[in-house]
Structures are given as C-alpha cells and as structure tokens.
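Starting from 1, each residue takes its place in the sequence as its number.
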Amino acid sequence: MARHAGPSSEVPDPSDGARPSEGDASSEAGAVRLTARVFGVVQGVGFRYWTRGKAEELGLTGEVKNLADGSVGLVAEGPQGKINELRTWLNSGRTPGRVERVEDSISAAEGGFRGFRAR
C-alpha cells in the first residue's frame, strides 16, 4: 500500500520549451501544481502511461517521467479538486506496478504546460 511522504525533488521541469495556451488547466481560477515523486516498482510496468491517462481524464496538464534512481517524477496542474483526485489515485493501490510511497507537495500553478505528456 502506498503512503504519502513529504516534499519531493528531481521532478519534471516544464521550462524545457512547453508553452502555455489559453486552454491550460492552470489558467483556471484556483489552479494548483502537484509535484510528486513515486517510489516502488513503477518503471517498466506502464505506470507513466496510466498516469498520463488518468491526468488527461481529469483534465490536468503536466508531465510524468522516469528518474534515474528508479522512481517516477510528475508535475500536474489543474483545479485543486482534480489534483486531489490524482493524489488519491497515486496512493490507491490501483496504479500499475507497486507504489511503495509517494512524496508530494502542492504549490501555486505556474502554467507552461500544454496537455499532459509522458516522457
């Protein structure tokens, strides 16, 4: 079973050329940014693609990518309620692989994403 831990590091950086658009979820009033790092057996099991699908289903923008240490980093932006749904899903045990823990933090949305991508 996954559990929430504290703040994370080494997560995707949207400053690599992504540009904001008028349809960004982050442009909505009350939009927030979830920055998370997921530990466990989360690489090579479709975790990034399932996460992208869940984020798209929720109407979020951002990205998810594998990190060198075997964890997965993600940044997602959108309405607080939808971000909370993604956090709950990450910790639910319904994700691919085996999530041992999730370290995450919430901050103000910055924009800069167009859609949600898996890298």
Inset, instruction - Report yes or no: do F39 and V42 belong to one cluster of Ile/Leu/Val/Met/Phe/Trp/Tyr joined by side chain heavy-atom distances under 4.5 Å? - result: no
Legend entry - Closest heavy-atom pair and its distance - G78, L60: CA-CD2, 3.7 Å
Legend entry - Polar contact flag, side-chain donor to acceptor under 3.5 angstrom, R37-S71: yes
Legend entry - Contact check, side chains of Q80 and I106, non-hydrogen atoms, under 4.5 Å: yes
Inset, instruction - Report the distance from atom CD1 of I83 to atom OG1 of T88, rounding to the nearest 0.5 Å. - result: 11.0 Å
Legend entry - Shortest non-hydrogen contact between V102 and A36, atoms and distance: CG1-CB, 4.3 Å
Legend entry - Validation row: V72, V64 side chains within 4.5 angstrom (heavy atoms): yes
Legend entry - Minimum-distance pair of heavy atoms, taken over all atoms of Y49 and A118: CE2-CB, 3.7 Å
Legend entry - Atom of G46, atom of P96 and distance for their closest heavy-atom approach: O-CG, 4.0 Å
Inset, instruction - Kindly compute the distance separating OG (S107) from CG (L34), expressed to the nearest 0.5 Å. - result: 8.5 Å
Legend entry - Partner residues of T95 under the side-chain contact (heavy atoms from CB on, under 4.5 Å) criterion, sequence neighbours left out: F47, W89, V99
Inset, instruction - Please confirm whether the backbone N or O of T61 pairs with a side-chain atom of E77, one donor and one acceptor, at under 3.5 Å? - result: no
Legend entry - Salt-bridge present (E85, R87; N to O < 4.0 Å): no
Legend entry - Min side-chain heavy-atom separation L74-T35 under 4.5 Å: no
Legend entry - For Q43, side chain to side chain donor-acceptor pair (under 3.5 Å) partners two or more places apart: none
Legend entry - Residue pairs passing the salt bridge (charged side-chain N to carboxylate O under 4.0 Å, His left out) test where at least one lies in residues 40-57, sequence neighbours excluded: K54-E57
Legend entry - N/O donor-acceptor pair under 3.5 Å between E63 side chain and V75 backbone: no
Legend entry - Closest contact, heavy atoms only, A76 versus F116: CB-CE1, 3.9 Å
